Structure formats: structure tokens, C-alpha cells
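Right, one structure below, let's go through it.
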Amino acid sequence: MKEHTLLQAIARVNRLYDGKDYGFIIDYRGLLDRLDQALEMYSGAGLENFDPKDLQGAIYDVISVIGSLRQYHSDLLQIFAPIKNKQDTEEYEVWLEDEERRQEFYGVLSKFGQNLGIALESEKIYNALPQEELKKYKKDLKFFQELRKAVKLRYSDTIDHKEYEAKMQNLMDHYISAEEVIRITNPVDILNEKAFEEELERLESKRAKADAIRTRLTKSINTKWDENPAYYKKFSERIKEAIDAYKQQRISEAEYLQRMNDLKKEYQQGEPVENYPDSIKKNANAQAFYGVTKDIMREQKMSEELLAELALKMEDIIRAYTKVDWHDNMEVHNRIAQELDDLIFDFTKEHKVNLDFDQVDKIIEQIKTVALRRY
């Protein structure tokens, strides 16, 4: 394997893609000594088929990995420097409540694991590292990987299987002894009651369980918000009240968990139809329009039956103009907005309701947003 073939082999090994961050070149016969000669020979017309990025960084002294490994290990420990009791995993988890700090932790741990993986797969690096130092790195990787698993669950963070999980799991399986397999999966939907309860059982402290419920509720609410803003707003406010009360030490850890459990059960049951006037109790779309309108017009002290009647008329307009692919049809959007504007104008005139232009525009925009999620 000489000259052109040598360059071609290196370029292919060094070509990266999703899930592949690096490649290995094992030189059994000292051919890499001829790399400079090959580059010089094909520095002109012979390299037009090579992307320079494919060759960049392909060959380097693997001992340099030790420096990166030590640096990322130091960076990892620095993230948790303020923690007083290094034996208290709960303190680590609470410290990672801040999302920006958590993302930094995930990134540094990924780099540390990647470099440790290279070190453990390279005889030259493996022999160059003192065994006690290597033992420390393996122990810390196991600890921080377990911590990552716990905080991913506690704070309901999603994961990217392609970028991290398979490689890290392979590293844990082959080089790090573990009492149980450390596998991380995306958090289950809080509406999946049985699976979510099983996840909660894997958390130890009351606060961890409460945090997991809170973050999972928040993510689910944010996803569904536009379907019924008024309904989900109530949950959002109650979640905020509970976490504020706990952080201000007005309620205990046990009470914090109880409040989160109560919210979880209520959320899983869905909104009771008793909250709505009889005319829309069996009409979920009208209920959402009713909630939006009632929230914006709350100072008007309107009859609930009249607002329900208005919501039904709003639904008639939406149904009349929605069709296949209407979501991206601005002509339909504008027509719906005009019809809603006329409807609200007539309603306020008939019932002597005083709404300013901003309130009317807000009702129209929110009704359209709800419709886009529901139709």
C-alpha cells in the first residue's frame, strides 16, 4: 500500500458522519512514514479527488489523547467543585437542576468518555497511563454515567441515541465493571401512568420524585399548550406555586411531593367536563375556544352560557373554512380572522361588552392557534 492507495485509505478512515467521530489506522509495517512522500508526490493533479478535510488530523500522536483525557476529567470535577459532601449523590443531582449547567455536564462527560474509550482501546496509551490514574478515570466514568442517568430521568431530558448512547454503552460493557447494565432511555409520557410510575420507583428521594413529576408535567403541558391554553395555564400556575413554596421553605419535601402527585393524578384524569356549560360539555374544540375567550374577557363578568354560545359559533366558522392543507393557506387564515372579527364585533355590540382592539386581536390569534393544533 503506497502513495495514492495510502492516501485513499487514510481519507476513508478519517471520513466522519453521524455516529462516527474518529477512525483507527493501525500501521503494522511502518507505511505511515511515507505519508509526507505521498502527499508531496500527489500535491498537484493527483489529489483533485480528495477532500482536504478527509486527510486533516488523520495521523497524530495518540499520546496526545492523554492530555485531552486529563483535561476533560479536570473539567468534569470542576463543574462540581462547589459541592461540599462529595459522597451525597442527591447534592450532585440538585446542583444540576440548572439547565445550562446540566448541558455543560453532558457535553464534558461525553468528551471525557470518548477520550477514555480511545485510551482503553490503544495499547500505547493504556501502557503510558499509571494504573491508579486509569482506575480513577474508570471509577469516575461509572459514577458520572450513573449521575447522568439519574438527572436525565429527574429533569425529563431527552437523549440522542446516535451521538452518544451506543458508544458509551459499549465502553461501559467492555471496560467498566458494573453491577447492572447502565442503559438510558428517553423519558416516558406522563400520561402513560404505569410506565411513569415505574420510572418514579427508580428515584430515591422524595424531592427527586417530585422534580421528575414537575419537569415531566411541564414538558407535557408545553407540548399541548396550544390545544387548550386556558386549561393548561391553570396547571402551569399551580406547578409554579408549588415549586416556589418548596424553595422558599414554606412546605416540606414530603408536601412538595404530595402536591406534585395530586397534580399528576389530576392531569392524567383529564379535564372534568363539569367545568363547562351544558351546551359544550361534549364538544372538546368548543371547550378550548371557550377557555381562550373566557380568559381574555374575564374582567367583563360575562354569562358562561353566552360565552359557550360564542364558542360554538367560533367552531362553526373554523369548520366552514378548514380543509386539507389549510394550515399553510394564508387566504384561509385571513378569511377565518375576518369572520371571527365580525362575529366578535356583533357579539360585543349585542351584549354591550367593551373590548379594545388589542383584546379582539388576541382572541382571534389564540382561536386560530388552537384551531391549527386541533383541525
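Here the structure is a predicted model, which is why all the values come from computation and not from measurement. The figures here come from the full heavy-atom set of this structure, side chains too, leaving out hydrogens, waters and symmetry mates.
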Please tell me whether [X] and [Y] are part of a single hydrophobic cluster in this structure, the criterion being side-chain heavy atoms less than 4.5 Å apart.
X      : Y      : answer
Tyr92  : Val94  : no
Leu217 : Val151 : no
Tyr231 : Leu191 : yes
Phe345 : Val292 : no
Leu153 : Leu109 : no

Any donor-acceptor pair under 3.5 Å linking the side chain of [X] with the backbone of [Y]?
X      : Y      : value
Ser110 : Tyr106 : no
Asn115 : Lys111 : yes
Glu227 : Arg374 : no
Gln103 : Glu100 : no
Glu93  : Ala150 : no
Arg298 : Asp295 : yes
Gln359 : Met297 : no
Glu104 : Ile79  : no

(request) Hey, could you give me each pair passing side-chain hydrogen bond (donor to acceptor under 3.5 Å, both in side chains) that has a residue in residues 343-353? Not counting sequence neighbours. (result) none
Give the table of side-chain donor-acceptor pairs shorter than 3.5 Å for residues 327-343, with sequence neighbours excluded, one pair per line with atom names and distance.
residue: His327; atom: NE2; partner: Leu372; partner atom: O; Å: 3.0
residue: His327; atom: NE2; partner: Tyr375; partner atom: O; Å: 3.0
residue: Asn329; atom: OD1; partner: Glu331; partner atom: N; Å: 3.1
residue: Asn329; atom: OD1; partner: Val332; partner atom: N; Å: 3.3
residue: His333; atom: NE2; partner: Trp326; partner atom: O; Å: 3.2
residue: His333; atom: NE2; partner: His327; partner atom: O; Å: 2.8
residue: Asn334; atom: ND2; partner: Met330; partner atom: O; Å: 3.2
residue: Gln338; atom: NE2; partner: Asp342; partner atom: OD1; Å: 3.1
residue: Glu339; atom: OE2; partner: Tyr321; partner atom: OH; Å: 3.0

(message) Check for me whether Arg238 meets the cation-pi criterion with Phe235, that is, NZ or CZ under 6.0 Å from the six-membered ring centre and within 45 degrees of the ring axis.
(response) yes
Would you list the atom pairs, donor with acceptor, under 3.5 Å between side chains in residues 255-264 and any protein atom, with sequence neighbours excluded?
residue: Glu255; atom: OE1; partner: Ser252; partner atom: N; Å: 2.7
residue: Glu255; atom: OE1; partner: Ser252; partner atom: OG; Å: 3.4
residue: Tyr256; atom: OH; partner: Asp211; partner atom: OD1; Å: 2.7
residue: Tyr256; atom: OH; partner: Arg214; partner atom: NE; Å: 2.9
residue: Gln258; atom: NE2; partner: Asp262; partner atom: OD1; Å: 2.9
residue: Lys264; atom: NZ; partner: Glu197; partner atom: OE2; Å: 2.7

Decide yes or no for [X] and [Y]: does some side-chain heavy atom of the first lie under 4.5 Å from some side-chain heavy atom of the second?
X      : Y      : result
Phe112 : Asp75  : no
Glu204 : Glu90  : no
Leu312 : Asn283 : yes
Leu96  : Phe80  : yes
Lys294 : Glu304 : yes
Val370 : Asn285 : no
Gln300 : Leu355 : yes
Pro229 : Gln366 : yes

Less than 4.0 angstrom from a charged side-chain N to a carboxylate O is my criterion; do [X] and [Y] meet it?
X      : Y      : result
Glu198 : Arg202 : no
Asp278 : Lys281 : yes
Glu97  : Arg207 : yes
Glu146 : Lys142 : no
Lys136 : Asp140 : yes

(message) We want to know whether Asn228 and Gln287 form a side-chain donor-acceptor pair, criterion being a heavy-atom distance below 3.5 angstrom.
(response) no
Inspect the surroundings of [atom1] in [X] and state if more than 12 heavy atoms from other residues, nucleotides or ligands are less than 6.0 Å away.
X      : atom1 : value
Lys206 : NZ    : no
Lys368 : NZ    : yes
Glu237 : CD    : yes
Gln248 : CD    : yes

(message) Once salt bridge (charged side-chain N to carboxylate O under 4.0 Å, His left out) is applied, do any residues pair with Glu305, and if so which ones, sequence neighbours excluded?
(response) none
(message) Pair Lys362, Asp358 - check salt bridge (Lys or Arg N to Asp or Glu O under 4.0 Å), show working.
(response) CA-CA 6 Å; Lys362 189 174 181 180; Asp358 288 341; over 6 Å; no
Do you know which two heavy atoms are closest between [X] and [Y], and how far apart they sit?
X      : Y      : answer
Thr293 : Met314 : OG1-CE, 3.6 Å
Ala212 : Ser156 : O-OG, 3.8 Å
Phe143 : Thr89  : CE1-CG2, 3.7 Å
Ala119 : Leu129 : CB-CD1, 4.3 Å
Ala311 : Ala286 : CB-O, 3.5 Å

(request) Carefully, step by step, assess Ile239 and Ile221 under the rule side chain to side chain contact (heavy atoms under 4.5 Å, CB included). (result) CA-CA 11 Å; Ile239 290 170; Ile221 287 169; 3.7 Å; yes
(message) I'd like to know whether Ile280 forms a side chain to side chain contact (heavy atoms under 4.5 Å, CB included) with Glu309, so could you lay out the CA-CA distance, the side-chain angles of the two residues, the decisive distance to 0.1 Å, and finally the verdict.
(response) CA-CA 8 Å; Ile280 59 173; Glu309 180 184 332; over 6 Å; no
(request) Evaluate the criterion side chain to side chain contact (heavy atoms under 4.5 Å, CB included) for residue pair Leu116 and Leu120; output intermediate values, then yes/no. (result) CA-CA 6 Å; Leu116 181 57; Leu120 294 173; 3.9 Å; yes
(request) Can you spot which of Ile363, Thr369, Ile364 makes a side-chain contact (heavy atoms from CB on, under 4.5 Å) with Ile367? (result) Ile363
(request) For Tyr137 and Glu132, run side chain to side chain contact (heavy atoms under 4.5 Å, CB included): C-alpha distance rounded to whole Å, both residues' side-chain angles, the deciding distance at 0.1 Å, then the answer. (result) CA-CA 9 Å; Tyr137 292 155; Glu132 284 303 311; over 6 Å; no
(message) Tell me which pairs pass ring pair (Phe, Tyr, Trp, His ring centres under 6.0 Å) where either residue lies in residues 209-229, with sequence neighbours left out.
(response) none
(message) Strictly by ring pair (Phe, Tyr, Trp, His ring centres under 6.0 Å), give each pair with a member in residues 283-314 just once, sequence neighbours left out.
(response) Tyr276-Tyr290
(request) Please say which of Arg216, Lys209, Arg154 ends up in a side chain to side chain donor-acceptor pair (under 3.5 Å) with Glu199. (result) Arg216
